[in-house]
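Everything below concerns the one structure shown next.
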Amino acid sequence: MTEEHPSGPYLDEARRFSVSRALAQDQGPLGDNPYAMALAQFEKAISHLKLKSGVIDTLRYPKRELSVAFPVVMDNNEIRIFRGYRVHHSTVKGPTKGGIRYAPSVTLDEIRALAMWMTWKCALMNLPYGGAKGGVLVDPKKLSMRELERLTRRYATEISIMMGPESDIPAPDMGTNAQVMAWIMDTYSMHKGFSIPAVVTGKPIEIGGSLGRGEATGRGVAVTMREAMCIRGISPDQARVAVQGFGNVGSVAALQAHEMGLKVVAATCSTGGAIKEDGLDVKALMLHYDAAGNMKDFPEADFITNEELLALDCDVLILAALENQVTARNADGVKAKMIAEGANGPTTPSADEILKERGVLIVPDILCNAGGVTVSYLEWVQDLQSFFWSEDEINRTLENLMLKAFQSVKDCSAEHKVPMREAAQILAIQRISDAIMIRGIYP
Ligand code: NAD
């Protein structure tokens, strides 16, 4: 079944350009459409490249999409139907890789955009993967553990025609976690008759997960943020950092920043957060947030809303919540000297333009948050070889790969005189295009 969404099954040429225009002003429902955003970024990057038009068209659209509707027996014995998706954007570099998101607001266009960004991210990091993403329209907080398990096992079965250690390897994203990955791995293995740990990453250590995977995205955010601070001339001993989103990515990035000696002055979750001028105790805030599920009443700190956080006078703003946070409507109010995009798609293309004019340096999502998929790759390799590395080895490899990718984006940005987002996409798209041309078009 197909969900109704603003763009129809595909954005055709004419529609796409009207989408780009709507985006330029961030108006109308399409202004928030992540797939339109991803396409607008794509159009910008390819203007610097000499690609065949057929290759460009191939990359505009996902290679394949699966839309599922499936029943789940709830604890009260009622049967509820849930909808979900799995999208593969490109398979030219290898099996597809991408997370699974559980959220009531999931749309097919959101999953398409996230799959496309995964293709660029993996290519940028030189990982032998294409991009994918999946999602189920559900609020996991409203399900019991047994309901969540049944939903996950059924969704895993529905998408198993697209999933496999050599074809498509999911991982956690918003609303899913290591336990959800364990259920997916177990379901897939039960169908095959033997254990196949390499079918998902982000699993618990006990069943083939990698040391360091849980913190990898936040660590990568901190490494790229540190490098970008050097470019922007922000001295670590004076830097004031604000963090939007205090989940897996944001809390680890904040802790890493704190451990590097930076002052984390504010952090928020979906219900607002905490601000303290002389710096928050990040570890204590993590414990408080874990226990209370919000940041209200965190001792010795004041309350701050998300709108206030985005406009806070600080040096570094880490965006680690969700898409569409800095838009044409609020970009003028951003006072940070640089933004580190821990989340996927937190800055719209029109906000990019405003921030560029104002000299705000953006470490783009496909570089900044690539630590997660990088250690997922290391987890997959460890599962395939049945030989596991120490946490030190993982963290060192992660840092080396992040630094290498950062340098290549920095060089490309200088060569083409473009912001880092465009540079990262130029590099990634060129690599994918080269792979398509070398392989040739079948048959
Ligand atoms: P999470 O569910 O662990 O945390 C999300 C956090 O954002 C929570 O603290 C939530 O309260 C907060 N939040 C939600 N809406 C908000 C709002 N409007 N304002 C402020 N805070 C808000 O999710 P996560 O795994 O940390 O992922 C966060 C982002 O990072 C997502 O965009 C995800 O796609 C991206 N990402 C995650 C990983 C990973 O390894 N987890 C890897 C790459 C990218």
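Every number for a ligand or one of its atoms is a count from 1 in the order of the listing.
- An N or O contact shorter than 3.5 Å links N344 to ligand 1 by distance.
- In terms of protein heavy-atom proximity, atom 33 (C) of ligand 1 is nearest to D173 OD1, 3.5 Å.
- Checked against a 6.0 Å centroid threshold, the rings of Y155 and F82 do not count as neighbours.
- Within the listing of ligand 1, atoms 17 (C), 19 (N), 20 (C) sit less than 4.0 angstrom from a heavy atom of N306.
- Using a 4.5 Å cut-off on side-chain heavy atoms (C-beta onward), K97 and S376 make contact.
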Apply side-chain contact (heavy atoms from CB on, under 4.5 Å) to the pair D173 and I100, showing each step before the final yes or no.
-> CA-CA 5 Å; D173 192 70; I100 290 173; 5.8 Å; no
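- Every atom of ligand 1 with a heavy atom of A321 under 4.0 Å away is listed here by number and element: 7 (O), 13 (N), 16 (C), 21 (N), 22 (C), 28 (C), 29 (C), 31 (C), 32 (O).
- Atoms of ligand 1 lying under 4.0 Å from at least one heavy atom of L322, given by number and element, are 15 (N), 16 (C), 17 (C), 18 (N).
- Heavy-atom contacts of Y289 reach the following atoms of ligand 1: 8 (C), 9 (O), 10 (C), 11 (O) (cutoff under 4.0 Å).
- The minimum heavy-atom distance between E379 and T201, with the atom names listed, is OE2-CA, 3.2 Å.
- With a 4.0 Å heavy-atom cut-off, ligand 1 is reached by the backbone of N248 and by its side chain too.
- In this structure, the protein non-hydrogen atom closest to atom 21 (N) of ligand 1 is C269 C, 3.2 Å.
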